[in-house]
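One structure is given below, encoded as structure tokens.
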Amino acid sequence: MRDVYIIGVGMTKFGELWDKSLRDLFVEASLQAIENADVDHIQSMYVGAMSAGLFVGQEHIASLLSDYLGNEGIPATHVESACASGGIAVRQGYIEVASGISDIVLAGGVEKMNDGADVTFALATASDQEYEAFHGVTFPGLYAMIARAHMEKYGTTREQLAEVAVKNHEHGLKNPNAQFQMAISRDTVMKSTMVADPLRLLDCSPVTDGAAAVIICSEDVAKKSGRPLVKLRASSQATDYLALHSRKDLASLPSVARAAKKAYKDADTKPEDIDVFEVHDCFTIAELVVIEELGIVERGKSGAAVEAGITRLGGKIPVNTSGGLKSKGHPVGATGTAQIIEIVEQLRGDAGDRQVTDARLGLAQNMGGSGGSCVIHILEGIS
Amino acid sequence: MRDVYIIGVGMTKFGELWDKSLRDLFVEASLQAIENADVDHIQSMYVGAMSAGLFVGQEHIASLLSDYLGNEGIPATHVESACASGGIAVRQGYIEVASGISDIVLAGGVEKMNDGADVTFALATASDQEYEAFHGVTFPGLYAMIARAHMEKYGTTREQLAEVAVKNHEHGLKNPNAQFQMAISRDTVMKSTMVADPLRLLDCSPVTDGAAAVIICSEDVAKKSGRPLVKLRASSQATDYLALHSRKDLASLPSVARAAKKAYKDADTKPEDIDVFEVHDCFTIAELVVIEELGIVERGKSGAAVEAGITRLGGKIPVNTSGGLKSKGHPVGATGTAQIIEIVEQLRGDAGDRQVTDARLGLAQNMGGSGGSCVIHILEGIS
Amino acid sequence: MIVPKYTREIPQRFRLEAEKCTKCGYIAFPPRLICPECGQKSFQMIQLQPEGKILTYTIIHVAADAFSTQTPFAVAIIETKEGARMTAQVVDCTLEKIETGKDVKLMLRCIQREGKAGILQYGYKAILSR
Amino acid sequence: MIVPKYTREIPQRFRLEAEKCTKCGYIAFPPRLICPECGQKSFQMIQLQPEGKILTYTIIHVAADAFSTQTPFAVAIIETKEGARMTAQVVDCTLEKIETGKDVKLMLRCIQREGKAGILQYGYKAILSR
Ligand SMILES: [Zn+2]
Ligand SMILES: [Zn+2]
């Protein structure tokens, strides 16, 4: 297996982009990534999307997008693992370059959610349709049940959940691509509309259109490109029972721990060595459980850690400097790729007002559904 | 890159399987493949499906299926390229084993089409939703336009189209897993209900439930397994303009020629050396154009070749000994994997009444939509 | 068109049929072909007692279109006495009464209308035991 | 909810706006960000003449639900004088009159109703020139 690098990144603004279609979004992000990498061609591509079928009635999207990206007939594959699709796309690109089959691969993700579909129904198809969604439970509802379990088991408070949203909006304020560039108070979160008790509207990531893409390549191509070198030190993936009710501990997300263990091992590193984290905060409770599973904080202590400001930009362990899904927006298929872009920009020193000083190692954690799948990448900036 | 083998195959019967759900189908085929390979674990899996979202309201299916296959949290990825999804799944498994990341990977496909969805709508999402399906054109309609173009350009006749169906039903009669185990006459085809002029009901593959899976592994694992050795000599993939109207020659399928050129080169072989072909006959016209693109017959001469019996079992170049999509059935996501299974069985000498004498090299060609994507595998039986 | 799906699911949805792994005792609801805990393929059919307790729950205020006229409604994860787990609505009580740990009984009720013809789909719902 | 999509597509569906590659002359309909023939990103907007000819066609007898009341209807691939290609219905004639090579004019017509509110979607359809 060969070493693998990321030499180009591109993304659209995230938001309600009424004037852009799915193909417009993906092509815009991809052309940006190609330009950023300064390459003149790609040899194949992977597209992550959760459900262009349910959101816009379009399947076969990898072929469509390769066509609109200036069709040269290259292999183009759509991968899906619900909200983890964008991370999986990067992982497939990683495997293809590592194998030696290709030297330059584009991997990205896209979702066009604001085009008239029943978004709550579409998102719930990430759960077990026959034994969860059938009974009317929604995607926020599943995380609400995790939240209640975590609160009852560890004493995590409603205020601590709100602090995750406050922090991530504070970060998103500094991100020009974020959907919500506005600060919010703890009080605003706790008074926002109830969505699935105990989760309120400002505990939830928004409905977003957007796309993100990266250029993955061999060491040879990376060195010739003259671009800053960011190495993919690990790319790991794990699954779990799809249905939340099947899992022994409802206050945990075992697929995250499983993928993390493999990633730390492959990268020969540990949580303490990582300078910056992007994690999958589709709901405030998700960020809390994930930082426990990643080993950033002790189990059950995540609420207190966030309240103490440890995971804030400038804190000891900055988490979601991009604003996270919460403030940056969550076009489900694009999210995993966009997280990796934030890490690349941090490692390149290109993160502007969001820059973590001397960031050398970064981790991006992306998951599907209520944790039925998880994909983790560890990246290293090589100067 | 390492050499890659297939050591296990499994599939459900294809048909209208009212009593089985999507998860039942995939797990049944997969357990069969695992048993057939005689392995005690798999390290990761790929699932091809066109649209479990539109057919049964379920996304995140790779996680669901890994769970029901006896969840050990392994990486599980859903890949999609419309009707080519099952072939793409095998290709991703091939890449993962070739890279050295895994030694034993399960790759399969599934589709549950008979569960109440608007199948014509769902299939048309393989075309350009905004510029083809929007205008009411169906999937049979797109191939009907290819058929008319081929008939007007080369003089291909309505009777020659019918001969493809007659031949494939003749083959399917010998396949216990086929949906339609019945012979049909040229006359029956030509008098069947019109679907999209000039294509009639018996020019079209049926609406099918089914699943298929294979076990892909390294040379080391293959040799230790004691199973017959079938080597993946080539795995190639190509795309084209998604919309039929964008292609210069409407009587051709350039993605097939593109993938074939690469596959023949990688396998260091040529059409004349191949003993048995499985091709994507979603419609009778598709088989005709595909055998031209594969170089089996000269361009424009496919109708005459089929009429002359060249591609019949016992003929010079047997095509679709399984019965093809036409008679075996076409659960879209499973088809590409099932084609590969037919080739494996031929190369193992396990094809029973359908056996091609001394088959050593076989080719499986699987495509998506109206040819927007194509994936080809060349396999060799090693005795 | 969806009648076959409906019929297929009767054993689980109407009769609460589960399977018990003959090796490790894992309760599979719905039934499975292979045990996720020990990898064996031998199961014994059991019928679940329609009784269990709430492990966690939520009150849904924003629902998919098919459920939008029912909001707010409660959904819980329930563990039956045998150890089977399921997601189900908790009905027939003021929502404030619902708490983790409370006992429930499972009842057959209409869940939703499905498909263009709006065919009624039935299944289990939970009610508080007292 | 789908009004924005509708508005977004007006330039192509209503006004037949295409783009011509300033390097190789490729006509992109709908407009693209990059030329599929030469890879350049510079285009000039052109308005297509609503005239073309039929390259191939079919008569649809089995349609998706949204079109099922219209069967049988004709769909053709049409090439405009500028060389733009599109798929469109051929209407206002007996279906037997339709042939490859015949000239057509493109007209603005209602195509389908979309979404739960059944909003009318408009777009181009072809009629035979004589
Ligand atoms: Zn067991
Ligand atoms: Zn050009």
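To find a chain, count down the sequence lines: A is the first, B the second, and so on, and within it residues start at 1. These numbers come from the heavy atoms of this one structure, side chains and all, not from hydrogens, waters or symmetry mates.
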Side chain, backbone, both or neither: which part of [X] has a heavy atom under 4.5 Å from chain A?
X        : answer
B/Ser21  : side chain
B/Arg91  : side chain
B/Ala243 : backbone
B/Gln92  : side chain
B/Ile88  : side chain
B/Val375 : neither

Thinking salt bridges, do [X] and [Y] make one under a 4.0 Å N-O criterion?
X        : Y        : answer
B/Lys231 : B/Asp3   : yes
B/Asp115 : B/Lys20  : no
B/Arg2   : B/Asp103 : yes

### Query
Within a radius of less than 6.0 Å around CG of B/Asp19, do more than 12 heavy atoms belonging to other residues, nucleotides or ligands occur?
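Counting neighbours around CG of B/Asp19, more than 12 heavy atoms of other residues, nucleotides or ligands fall under 6.0 Å, so yes.
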
So which of [options] has the biggest tally of heavy-atom pairs under 4.5 Å with chain B?
options                              : answer
A/Ala122, A/Ala76, A/Cys374, A/Ser66 : A/Ala76
A/Gly53, A/Gly100, A/Ala133, A/Ala49 : A/Gly53
A/Ala82, A/Ser85, A/Ala238           : A/Ala82

[options]: which one forms the most heavy-atom pairs within less than 4.5 Å of chain A?
options                              : result
B/Gln129, B/Met50, B/Arg258, B/Glu59 : B/Glu59
B/Val79, B/Asp128, B/Val97, B/Val47  : B/Asp128
B/Glu96, B/Lys262, B/Glu130, B/Arg23 : B/Arg23
B/Ala126, B/Ala52, B/Ala98           : B/Ala126

### Task
Please collect all salt bridge (Lys or Arg N to Asp or Glu O under 4.0 Å) contacts where either partner lies in residues 76-86 of chain B, sequence neighbours excluded, each pair once.
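Those involving residues 76-86 of chain B do not exist here.
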
Tell me, side chain or backbone of [X] under 4.5 Å from chain B's heavy atoms, or both, or neither?
X        : result
A/Ser127 : backbone
A/Phe134 : neither
A/Val56  : backbone

### Query
With sequence neighbours left out, what residues match B/Glu72 under salt bridge (charged side-chain N to carboxylate O under 4.0 Å, His left out)?
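For B/Glu72, no residue satisfies salt bridge (charged side-chain N to carboxylate O under 4.0 Å, His left out) once neighbours in sequence are set aside.
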
#### Entry: Stepwise side-chain hydrogen bond (donor to acceptor under 3.5 Å, both in side chains) test for B/Thr239 and B/Ser255
CA-CA 5 Å; B/Thr239 52; B/Ser255 66; over 6 Å; no

### Query
Does the side-chain hydrogen bond (donor to acceptor under 3.5 Å, both in side chains) test come out yes or no for A/Ser81 and B/His78, once each step is laid out?
CA-CA 6 Å; A/Ser81 190; B/His78 167 217; over 6 Å; no

### Query
Is NZ or CZ of B/Arg247 both nearer than 6.0 Å to the six-membered ring centre of B/Tyr241 and within 45° of the ring axis?
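So B/Arg247 doesn't make the cation-pi contact.
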
### Query
So B/Gln58 and A/Thr125, side-chain hydrogen bond (donor to acceptor under 3.5 Å, both in side chains) or not? Walk me through it.
CA-CA 5 Å; B/Gln58 180 74 65; A/Thr125 66; over 6 Å; no

